[in-house]
There are 2 protein chains.
Amino acid sequence: MREDTDLASTIHHNQPDDTGTHPPARAPRILVVDDEPPIADLVAGYVSREGWEARVVADGIAAVSAVRDFEPDVVVLDLMLPGLDGIEVCRQLRGFSDAYVLMLTARSEEVDRVAGLTVGADDYLAKPFSPRELVARIKALLRRPRSSTAHLRSTGPPGLAVDEDRRSVRVDGRDVELTAIEFAVLAALTRQPGIVLSRARLFREVWGGVNFADDHLVDVHIGNIRRKLGDNAADPRFIDTVRGVGYRLREARP
Amino acid sequence: MREDTDLASTIHHNQPDDTGTHPPARAPRILVVDDEPPIADLVAGYVSREGWEARVVADGIAAVSAVRDFEPDVVVLDLMLPGLDGIEVCRQLRGFSDAYVLMLTARSEEVDRVAGLTVGADDYLAKPFSPRELVARIKALLRRPRSSTAHLRSTGPPGLAVDEDRRSVRVDGRDVELTAIEFAVLAALTRQPGIVLSRARLFREVWGGVNFADDHLVDVHIGNIRRKLGDNAADPRFIDTVRGVGYRLREARP
DNA sequence: AGCGCGCGTCAAGGAACCATCAAGACGCCG
DNA sequence: CGGCGTCTTGATGGTTCCTTGACGCGCGCT
């Protein structure tokens, strides 16, 4: 999949990305594809209420072109569509977009029947669904990292090892216990060593969604991480503070 | 079977992404075995986009011979196949190849898997699946150390022996009786010792499908497993709780 | 040098999370 | 058709940890 097997393609792709300074975070964009107006409007309503930008199209062909110029982060896609069906749309999207696809299916039983065909979406939801659940699923997708392989390359500071699969952190060979949020924050930093991540960016990576409440929250967690890592804010070994911006994982000296 | 052989020639998009550990001299090779061309192509597409070499065959007999001369690192194997079915193919492969096998199952076939009919696969994935998940699983397999006797994996915690073929569980030499679901949950954990599995992931491994109903359900079964294993949640010997995420099988400390 | 603002630390209330218990629902077998 | 084991759902309590606020220090600007 798109992801980032090469870095060049990731950088300018439609990732909501302010690495701190210049552009303010834009609202996530959600494309809703459904040929039944009441349902489409309903979905769009919930999406808007979350502060996300919504666009609605009613058939497969329109969906594909809408993805091109709307560049959504998530596509909510009905399986049954006039023109191209959801499966075909999904497939075409894969060719040029790294948007996550949330497929809507008529009934949970039908998932079985068409299981072989619906392969390719990132998540599924059976109709009828609760709006809460729909929003929760979209949030989960927005929270997913765009790059699944980035952490493998990371050359963080010597003595620090972060394993996202095992969810383990080691400092000089000694295991360190972190809480869920602390781990997520550290992992976000580790994914891009040497890059300054703004608090807003960190918040979105860890908490997901858009609305972020307080910079201070991030500070506190960073503080706790430092304490557990045995790091010192005044003379940091692992996490640099970039005043006025955010935090940065130190790199191995080249 | 219609068109079988390598329709999905190799599309080298980007730099072959070494999966982290050992630098593979050549690009990893993935054999895709599925009799439904759309799915096979889809899978092959994702594989190629990762920079891996893909070959596609459509039936079991072709699969066996393809393994011989293509020498893949990973075989993505549909359970339902014309000719030899996935289980039989898998069994034959074990005789002469140390390729890892990732089995694809439809949701309705999940019952069979829980019943222990499928044997010998290194990982399972239920249809419909997310392409990102498929790639992640393949990466996980590629990352595994390659042993000539591939069966002897799962270096779980000392004192615990889980035999998927035999469907038996032993703790300190004593047999423990587990129900079908309990065994499936424990086996999922055992398949990747040390790796944290989210509740959602566990649910999908055991119950199949992408939608999952209730986290709590997993909790209860974990609780029952622990009780039967003589494990203690507060100070676990076998199964760690990773708060906010899921569960993890403890590893033998190397 | 003085001052303001950003950041680090500490502490406490409250929410989220998980383990356990219990009872209802389901399927399987006799 | 009835009984039993298993799966599922609900409720409860204990524990962790997320969040918020207050306070003090020091960097950097004027």
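Because only heavy atoms are used, hydrogens play no part in the values below, and waters and symmetry mates are left out as well, while side chains stay in. Here is the naming used below: chain letters follow the sequence lines, and residue numbers restart at 1 for every chain.
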* **Flag for B/R201-B/Q192: side-chain donor and acceptor within less than 3.5 Å** => yes
* **Rounded distance in Å - NZ (B/K228) to C1' (D/dG5)** => 10 Å
* To do: Could you state the atom-to-atom distance from CG of B/L229 to P of C/dA19 in whole Å?
  => 14 Å
* To do: For nucleotides 8-16 of chain C, just jot down a letter per nucleotide in 5' to 3' order: B, S or -, based on protein non-hydrogen atoms under 4.0 Å.
  => BB------B
* To do: Drop me the distance from A/L134's CG to A/E50's CD, to the nearest 0.5 angstrom.
  => 9.5 Å
* **N-O pairing of B/K228 and B/E177 below 4.0 Å** => no
* Asked: Could you state the CG-C1' distance from A/L217 to C/dG6, rounded to the nearest angstrom?
  -> 16 Å
* **Results of salt bridge (Lys or Arg N to Asp or Glu O under 4.0 Å) for B/R243 - residues two or more places apart only** => none
* To do: Taking atom types as modelled, find out whether A/D41 and A/Y46 have a side-chain donor-acceptor pair closer than 3.5 angstrom.
  => no
* Structure fact -> B/D215 atom CG is separated from C/dC18 atom C1', nearest whole Å, by 11 Å
* Lys/Arg N to Asp/Glu carboxylate O, B/R237 vs B/D172, below 4.0 Å -> yes
* Asked: How long is the line joining CD of B/E177 and C1' of D/dG5, in whole Å?
  -> 13 Å
* Report yes if a side-chain nitrogen or oxygen of B/W207 is closer than 4.0 Å to either non-bridging phosphate oxygen (OP1 or OP2) of D/dT8; otherwise report no. => yes
* Please say whether the positively charged group of B/R167, taken as NZ for Lys or CZ for Arg, lies over the ring of B/F183, i.e. under 6.0 angstrom from the six-membered ring centre and within 45 degrees of the axis. => yes
* Asked: Taking only side-chain nitrogens and oxygens of A/T179, does any of them come within less than 4.0 Å of OP1 or OP2 of D/dT16?
  -> no
* **B/D214 and B/R199 ion-paired at < 4.0 Å** => no
* In whole angstrom, give the distance that lies between atom CG of B/L178 and atom C1' of D/dG5. => 15 Å
* To do: Quickly work out the A/H221 NE2 to D/dG21 P distance and round it to whole Å.
  => 14 Å
* Asked: Would B/D122 and B/R191 count as a salt bridge (Lys or Arg N to Asp or Glu O under 4.0 Å) if you check the C-alpha gap in whole Å, the side-chain angles of each, and the deciding distance to 0.1 Å?
  -> CA-CA 7 Å; B/D122 296 287; B/R191 231 170 272 136; over 6 Å; no
* A/I181 has an atom CD1; how far is it from atom C1' of D/dC18, in whole Å? -> 6 Å
* Between protein and nucleotides 23-30 of chain C, map the contacts as a letter string: B base, S sugar-phosphate only, - none, heavy atoms under 4.0 Å, written 5' to 3'. => --------
